[in-house]
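Here's the structure, in structure tokens; my notes come after.
Just so it is clear, the values below take in all heavy atoms, side chains as well, and ignore hydrogens, waters and symmetry mates. Within every chain, numbering begins at 1; the chains are lettered A, B, ... in the order of the sequence lines, protein sequences first and strands thereafter.
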Number of protein chains: 2
Amino acid sequence: MRDRLKPAGETRGTDVLQRMRADIISCALKPGAKLRFEGLREMYAVSFSTLREALSRLVAEGLVIAEDQRGFVVAPVSIDDLNDLTYVRVLVERECIALAIKHGNDDWEADIIGAFHRMDRLQSRLGSNYYLSAEWAKLHGDFHFSLVAACGSPNLLEIRQKLFERAHRYRRMSSQFRPQWRDKDVEHKMILDSVIARDAAKAQELIERHIRETTENVIKHAGHLFVAADEERHSRAAHVAAE
Amino acid sequence: MRDRLKPAGETRGTDVLQRMRADIISCALKPGAKLRFEGLREMYAVSFSTLREALSRLVAEGLVIAEDQRGFVVAPVSIDDLNDLTYVRVLVERECIALAIKHGNDDWEADIIGAFHRMDRLQSRLGSNYYLSAEWAKLHGDFHFSLVAACGSPNLLEIRQKLFERAHRYRRMSSQFRPQWRDKDVEHKMILDSVIARDAAKAQELIERHIRETTENVIKHAGHLFVAADEERHSRAAHVAAE
DNA sequence: TGGTTTGATTTTTTCGAAAATCAGCATAGT
DNA sequence: ACTATGCTGATTTTCGAAAAAATCAAACCA
């Protein structure tokens, strides 16, 4: 089941990278955990070098931290990190969405509406626990990307994407400790409308609030985990693969 | 001469990464050039895996581009890329400097003045061709970093640093085709003064102009190289190590 | 001629063994 | 008792050979 067909021209290292990224975001690999090669080699069924390459790439994405001569560690989570991440995300997303509204054409609008629809439909189908679904998370990511896709700046979009994925790990962490998510779909619809109406200032305002409120919720519901995860790293950073 | 003493705890891969980054920025490895392993292995005297790791990390910095199953290529240069880079840099640097002015303390100010002094002195010593010196480039980078060092956002600083280095390659390219640099030291002094005076709006304005004017100069003096470099990639992307 | 297949060659990617380094523990010296 | 030193086992890092994939060119057919 793990050995699904490789998309044409995809390298094994790239495949491991993606699986590992997913595992870090889903916290199957816990924040702060030591990443020992022997364990990972079994877990992902690849060699040292391939593993090392994937790890190096994850370091660049900020999901893994490397210390020369003493291996790799899953990037720890902390309130400071989350706040900084939020700060930068607000800056970048505001810029992206303003640019997209300026440059976007009809196709761009159509893609947004389509992405929203897909996300909305799956949400209805899944019921109140939609936010635990990996598939919904994917569509949610697609929707947010569609909003800024027409931004026209490859560099800004790339930066945005990396930040989004790091934030995703925090959202994911909190979603497990939260009885009910707030009405995000209402917010999404409002953002959608403001974008289609080409009201840049309003879209910026809404997206900023969307990001900030999510962060507040994460801290409220999962903040207690952060310190624990960090302590774990210092005490017994052990057996990751087993869990 | 190449095998200088390794700083304690530094890994061979990290060492290669740094040498390669320097070579790409200095265009010893030309934009768009195919990076063949056999050649690089001789050039840097390391094994395939180590090389591969360094390359992967450079991909993350945007200095190298990887295509699965068909190797690595030095990131090409183009006017579009430079313009986009400039756009994002203006956004990021403006934010950084405003934050630094807000949060910086006396030590921060002292570091800036020190960094400017070092740069200024070397500049006088080197005379009119200062901008060709690698050492001056280093101090120039240090000065610009010192301006924003107190910004307080690790994420923003990291993004800034990567963008700065990519832009550095463009500056470097143009510097070889330019008879005389403009009076950057005057601009630097003005930025310095506005920062010490804690005039955020002015500092933002000056740094933006500094970046934009540099870009304009690069395009004017080196723009003709960009297309050529790109064509080269398509036609005969050959022997890099030899040159 | 134009386009496709085949096979040899080059280049990239993967592998696991070997070397280097680190962390923990015991021993010796002050 | 306390720091320094040297061992031992665990872990990371490096290596180059072997496997996989792409490229190039000649041969082939329509």
Side-chain angles (χ1 to χ4, degrees), chain A residues 2-20 29 32-60 64-74 233-242, chain B residues 2-3 5-20 29 32-60 64-74 232-242:
Chain A
R2 224 169 205 166
D3 288 1
R4 58 182 178 278
L5 215 46
K6 284 196 296 187
E10 177 158 320
T11 216
R12 195 175 263 262
T14 303
D15 180 51
V16 173
L17 168 72
Q18 286 163 353
R19 274 156 55 197
M20 236 166 147
L29 295 171
K34 186 87 193 7
L35 293 167
R36 287 208 186 66
F37 279 81
E38 205 49 59
L40 295 177
R41 216 164 66 83
E42 278 184 34
M43 196 169 174
Y44 295 101
V46 288
S47 71
F48 293 114
S49 335
T50 306
L51 215 41
R52 182 159 257 275
E53 187 191 326
L55 256 346
S56 295
R57 293 213 242 169
L58 285 168
V59 169
V64 165
I65 288 175
E67 266 179 297
D68 275 358
Q69 311 286 22
R70 65 190 60 174
F72 297 83
V73 166
V74 178
R233 188 167 77 89
H234 292 300
S235 56
R236 43 119 219 150
H239 27 75
V240 180
Chain B
R2 239 195 184 145
D3 287 2
L5 214 46
K6 284 197 295 187
E10 177 158 320
T11 214
R12 195 176 265 260
T14 304
D15 180 51
V16 173
L17 167 72
Q18 285 163 354
R19 275 156 53 196
M20 238 166 142
L29 295 171
K34 186 90 195 3
L35 293 167
R36 287 207 187 67
F37 280 82
E38 206 48 60
L40 295 176
R41 216 165 65 82
E42 277 185 35
M43 196 169 173
Y44 296 101
V46 288
S47 71
F48 292 113
S49 335
T50 307
L51 214 42
R52 182 159 254 276
E53 187 191 326
L55 257 344
S56 295
R57 294 213 241 167
L58 284 168
V59 169
V64 165
I65 288 174
E67 267 180 296
D68 275 359
Q69 312 285 24
R70 67 190 58 173
F72 298 84
V73 166
V74 179
E232 178 185 34
R233 189 167 77 88
H234 292 300
S235 57
R236 43 116 219 154
H239 28 75
V240 179

Length of the [atom1]-[atom2] vector between [X] and [N], whole Å:
X: L17(B); N: dT14(D); atom1: CG; atom2: C1'; result: 16 Å
X: L51(A); N: dG16(C); atom1: CG; atom2: P; result: 12 Å
X: Q69(B); N: dA21(D); atom1: CD; atom2: P; result: 7 Å
X: R70(B); N: dT12(C); atom1: CZ; atom2: C1'; result: 11 Å
X: E67(A); N: dC22(C); atom1: CD; atom2: C1'; result: 12 Å
X: D68(A); N: dT13(D); atom1: CG; atom2: P; result: 7 Å
X: E10(B); N: dT13(D); atom1: CD; atom2: P; result: 12 Å
X: E38(A); N: dT12(D); atom1: CD; atom2: P; result: 9 Å

L40(A) vs L55(A) side-chain heavy atoms within contact, under 4.5 Å: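 SC-SC contact between L40(A) and L55(A) confirmed.
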Strictly below 4.0 Å: does [X] bring a side-chain N or O up to OP1 or OP2 of [N]?
X: R52(A); N: dT14(C); answer: no
X: S47(A); N: dC15(C); answer: yes
X: R41(B); N: dG16(D); answer: yes
X: R12(A); N: dA19(D); answer: no
X: K34(A); N: dA23(C); answer: no

Parallel, tilted or perpendicular: ring planes of F72(A) versus F37(A), cut at 30 and 60 degrees: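 Ring orientation, 0 to 90° scale: perpendicular.
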Sugar-phosphate only, base, or nothing, as touched by F72(B) at under 4.0 Å among non-hydrogen atoms: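 F72(B): backbone/sugar contact only, no base atoms under 4.0 Å.
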Sugar-phosphate, base or nothing in reach of T50(B), heavy atoms under 4.0 Å: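 Answer is sugar-phosphate: T50(B) comes under 4.0 Å of backbone atoms only.
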Any side-chain donor near an acceptor of the partner, R52(B) and S56(A), under 3.5 Å: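 Note: R52(B) and S56(A) side chains miss the donor-acceptor criterion.
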Donor on one side chain, acceptor on other, S47(B) and T50(B), under 3.5 Å: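 Yes, T50(B) and S47(B) have a side-chain donor paired with an acceptor closer than 3.5 Å.
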Minimum heavy-atom distance L51(A)-R41(A), with the two atoms named: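 So the minimum-distance heavy-atom pair works out to CD2-N, 3.6 Å.
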Side chain of S49(B) (C-beta onward), nearest among dT12(C), dT13(D), dC15(D):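 The closest nucleotide is dC15(D).
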